[in-house]
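One structure is given here, and the rest of the page talks about it.
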Amino acid sequence: MQNKGGGIQRPDFRDGQIVSARSSEKSLLVVGSLLLGAIAVGTAGGWFFSSQTFSSDPSVPVIAEILPQDIPDAIGTLTPTAQQTAQADSRECRFPMGFITAATPGNPAGGDVIFRTSKYRSPPFHVTDKPQRIAIPNPLPETGGVDLLSADGEAKGLMVSLTPIARMEPVNGTSAVKVIWHRRPACKT
């Protein structure tokens, strides 16, 4: 056999059979494509699941869940629409809520604050040095995960009870912190 340059090209022999250079190149191309596909799927899956799972960072605060016996008191801190939805949840599981306790220690005058997540905006609260327990609907009830909790308003020295405690003094009207939300508990039958 001769190649384009006029030199002699020798065939490859594997297990006593002649293997052309083209079939080797095709095999290499297929293996390379499969490898790139696996890397792409792994990267996309890692991105998806990392945004859906809990953070392993112990400095990311956790939102506490409201116990069933505390739900009647918690409903009063929600917006009117959220109150109706929570009251319509006869099994106390379709509208899962967490809670925060907010205060401005050392600032008895306090200030007005609205708390936000990716899917909820609370009514305004006048937060003072006396702690207030405030319910917030879980924005990630199906999966749990990490979301932002924001405080909008003017409340000097605002502290929000999370685990660990977060200092959320709104600078220029807003302060935000990443928080972990638990997955919704199974409904009672």
Side-chain angles (χ1 to χ4, degrees), residues 50-189:
S50 70
S51 65
Q52 300 296 317
T53 58
F54 297 138
S55 170
S56 61
D57 183 355
S59 67
V60 176
V62 177
I63 295 282
E65 296 177 50
I66 293 181
L67 299 173
Q69 63 267 24
D70 296 332
I71 289 175
D73 292 334
I75 288 175
T77 66
L78 299 171
T79 62
T81 303
Q83 285 179 13
Q84 289 175 346
T85 305
Q87 289 168 340
D89 183 10
S90 61
R91 296 193 296 171
E92 300 176 345
C93 64
R94 293 186 193 122
F95 193 76
M97 295 178 281
F99 73 89
I100 58 172
T101 303
T104 56
N107 179 7
D112 295 327
V113 180
I114 293 173
F115 295 97
R116 287 183 298 119
T117 66
S118 61
K119 296 181 181 176
Y120 179 75
R121 179 183 165 104
S122 78
F125 291 94
H126 186 75
V127 180
T128 65
D129 59 349
K130 292 185 176 76
Q132 287 185 38
R133 193 169 181 186
I134 300 166
I136 300 187
N138 185 337
L140 306 166
E142 300 297 324
T143 60
V146 178
D147 194 31
L148 284 179
L149 174 66
S150 299
D152 301 333
E154 299 297 329
K156 186 175 174 124
L158 178 65
M159 298 291 281
V160 177
S161 70
L162 301 165
T163 306
I165 291 178
R167 182 174 188 86
M168 294 185 69
E169 187 168 341
V171 177
N172 296 325
T174 299
S175 178
V177 64
K178 283 183 182 180
V179 292
I180 296 174
W181 290 88
H182 292 286
R183 178 184 296 204
R184 170 179 60 191
C187 286
K188 299 174 189 171
T189 55

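Along the sequence shown, residues are numbered consecutively beginning with 1.
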Give the C-alpha distance, both sets of side-chain angles, the deciding distance and a yes or no for side chain to side chain contact (heavy atoms under 4.5 Å, CB included) between Phe99 and Ile134. CA-CA 5 Å; Phe99 73 89; Ile134 300 166; over 6 Å; no
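- In terms of heavy atoms, Arg116 sits closest to Arg121 at CG-CG, 4.0 Å.
- Of the possible donor and acceptor atoms, none in the side chain of Ser150 sits under 3.5 Å from a partner among the backbone N and O of Ala176.
- Of all non-hydrogen atoms in Pro61 and Val177, the two that sit nearest each other are CG-CG2, 4.1 Å.
- Side chain of Tyr120 to backbone of Thr79: a donor-acceptor contact under 3.5 angstrom is found.
- Of all heavy-atom pairs spanning Pro139 and Ser118, the tightest one is CB-OG, 3.7 Å.
- A donor atom on one side chain and an acceptor atom on the other are not found under 3.5 Å apart for Thr104 and Asp129.
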List the steps, then state whether side chain to side chain contact (heavy atoms under 4.5 Å, CB included) holds for Phe95 with Ile71. CA-CA 10 Å; Phe95 193 76; Ile71 289 175; over 6 Å; no
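- Residues Phe115 and Leu149 share a closest heavy-atom pair of CB-CD1, 4.4 Å.
- Pairing each heavy atom of Pro141 with each of Pro96, the nearest pair is CB-CG, 3.5 Å.
- With rounding to the nearest 0.5 Å, the separation of CD1 in Ile100 from CZ in Arg133 is 11.0 Å.
- Using a 4.0 Å cut-off between charged side-chain N and carboxylate O, Lys178 and Asp147 make no salt bridge.
- His126 places a side-chain N or O within donor-acceptor distance of the main-chain N or O of Ala109, the cut-off being under 3.5 Å.
- A donor-acceptor pair under 3.5 Å is formed between the side chain of Asn107 and the backbone N or O of Lys156.
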